[in-house]
Structures are given as C-alpha cells and as structure tokens.
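One structure below.
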Amino acid sequence: SMLSDGIYIAPSQFEALFTDNLYFDICRHGNDMAMRMKEMFRRKGYQFHLDSTTNQQFVVMSNEEAHRLSQHVEFTLFEPLDESHTICRFVTSWATTQEQLDALDKII
C-alpha cells in the first residue's frame, strides 16, 4: 500500500496502523501540531488564504518574507497571491515536535 507521501508499507504494517486506533492517533497528532502552528502564525499577524483544520496551513506572506523564511524552514511556495505576496503551504505530520514549532516561532 502507498501512503499519500509515497511511502510503501507492507500489508502487515498497514493492518498495524488500524490496531488500537494508531492511524487516527497519528493523524490527530499532525492536526494538533498544525493548529498550534496556525495559532503561532496568527499571533504574529499573518493572514491565511483559507481556514484549514487539517495538517496543511496556507499562510499569506510578502515575497520578501517567504524568501527569508525559506532560508531556515522547509515549506512550499503554493502559488502567488498578487505581485508582492505568496501563499505558502506549511505541513505538519506525525513526526512534528513541539521543539520544531518553538524553533519556527522564533524565526517568524
């Protein structure tokens, strides 16, 4: 089976994901981290392209800020919003830690 990010897992591993709600706990962690990240951006005055409740957050940034941040953090330049702003996609996962969010908070 292929997960959305292209990782192959064997059938026995796939079954294990659904044991004791592991799959849902993993997804919940990624979404919880995204909500913390979203609040971080909001506190710093950033706007969002849409109100996402998933592990993907779409933050509007000036082109200059997006370039500056790209030197320190991995994210996707999703699409231009206008001549001077870009929609940036930030994604969390089961592996995202609070320490990583704290480091991002200091950078933004």
Side-chain angles (χ1 to χ4, degrees):
S1 295
M2 290 287 268
L3 293 178
S4 61
D5 53 2
I7 297 172
Y8 176 80
I9 57 173
S12 61
Q13 292 172 305
F14 189 76
E15 288 174 17
L17 279 174
F18 293 97
T19 304
D20 298 325
N21 291 319
L22 178 60
Y23 176 79
F24 300 104
D25 291 343
I26 288 170
C27 293
R28 187 176 307 113
H29 176 79
N31 290 345
D32 287 348
M33 292 291 106
M35 294 306 103
R36 291 179 189 183
M37 180 177 63
K38 182 179 189 176
E39 186 53 34
M40 241 173 29
F41 277 110
R42 183 175 281 129
R43 276 196 320 268
K44 303 250 177 149
Y46 287 91
Q47 301 297 309
F48 296 86
H49 181 60
L50 54 92
D51 186 24
S52 172
T53 58
T54 72
N55 69 320
Q56 299 183 57
Q57 296 298 311
F58 299 86
V59 183
V60 176
M61 294 186 173
S62 70
N63 294 342
E64 294 80 15
E65 179 66 1
H67 176 73
R68 182 191 72 80
L69 202 55
S70 72
Q71 307 304 305
H72 307 282
V73 180
E74 194 171 320
F75 61 94
T76 305
L77 300 175
F78 189 69
E79 66 183 46
L81 181 65
D82 57 32
E83 291 179 3
S84 58
H85 294 87
T86 300
I87 300 166
C88 301
R89 181 177 70 127
F90 291 81
V91 181
T92 56
S93 77
W94 61 271
T96 303
T97 66
Q98 185 60 50
E99 291 76 23
Q100 290 170 322
L101 292 184
D102 292 344
L104 175 63
D105 195 26
K106 290 176 182 162
I107 295 169
I108 56 173

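Computed over heavy atoms, backbone and side chain alike; hydrogens, waters and symmetry mates excluded. As the structure is a prediction and not an experimental result, all values here were calculated from the model.
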Euclidean distance, Met37 CE relative to Gln100 CD, rounded to 0.5 Å: 11.0 Å
Strictly below 4.0 Å, N to O, side chains only: are Glu65 and Arg68 in salt-bridge contact? yes
Count the heavy atoms belonging to other residues, nucleotides or ligands that lie under 6.0 Å from CD of Gln47, then report whether that count exceeds 12. no
Do the side chains of Ile107 and Met33 join up, straight or via other hydrophobic residues, at under 4.5 Å, putting them in one cluster? yes
State whether the number of non-hydrogen atoms from other residues, nucleotides or ligands found under 6.0 Å of His67 atom NE2 is greater than 12. no
Of all heavy-atom pairs between Met40 and Leu101, which one has the smallest distance, and what is that distance? SD-O, 3.3 Å
Any non-hydrogen side-chain atom of Leu77 less than 4.5 Å from a side-chain atom of Cys88? yes
Looking at CD of Gln57 and CE of Met35, how far apart are the two atoms once the value is rounded to the nearest 0.5 Å? 4.5 Å
Quick one, Val59 and Phe48 - any side-chain contact, counting heavy atoms below 4.5 Å? yes
Roughly how far, to the nearest 0.5 Å, is the CZ atom of Arg42 from the CD atom of Glu39? 5.5 Å
Kindly say whether Arg89 contributes a backbone atom to a donor-acceptor pair with the side chain of Gln56 at under 3.5 angstrom? no
So, does Asn55 use its side chain to make a donor-acceptor pair with the main chain of Thr92 at under 3.5 Å? yes
Separation of His85 NE2 from Glu64 CD (nearest 0.5 Å): 8.0 Å
Is any side-chain heavy atom of Asp51 closer than 4.5 Å to a side-chain heavy atom of Lys38? yes
Other residues, nucleotides, ligands: >12 heavy atoms within 6.0 Å of Gln71 CD: yes
If I take atom NE2 from residue His72 and atom CD1 from residue Ile108, how far apart are they, to the nearest 0.5 angstrom? 12.5 Å
Donor-acceptor pair, side chain of Lys44 and main chain of Asp105, under 3.5 angstrom: yes
Give the ring-plane orientation class for Tyr46 versus Phe41, where under 30° counts as parallel, over 60° as perpendicular and anything between as tilted. perpendicular
Does Met61 share a hydrophobic cluster with Phe58, counting links as ILVMFWY side-chain heavy atoms below 4.5 Å and allowing steps through other members? no
Nearest-0.5 Å distance that lies between atom CG in Leu81 and atom CG in Asn63: 9.5 Å
What I'd like to find out is whether the side chain of Phe75 reaches to under 4.5 Å of the side chain of Leu104, using heavy atoms alone. no
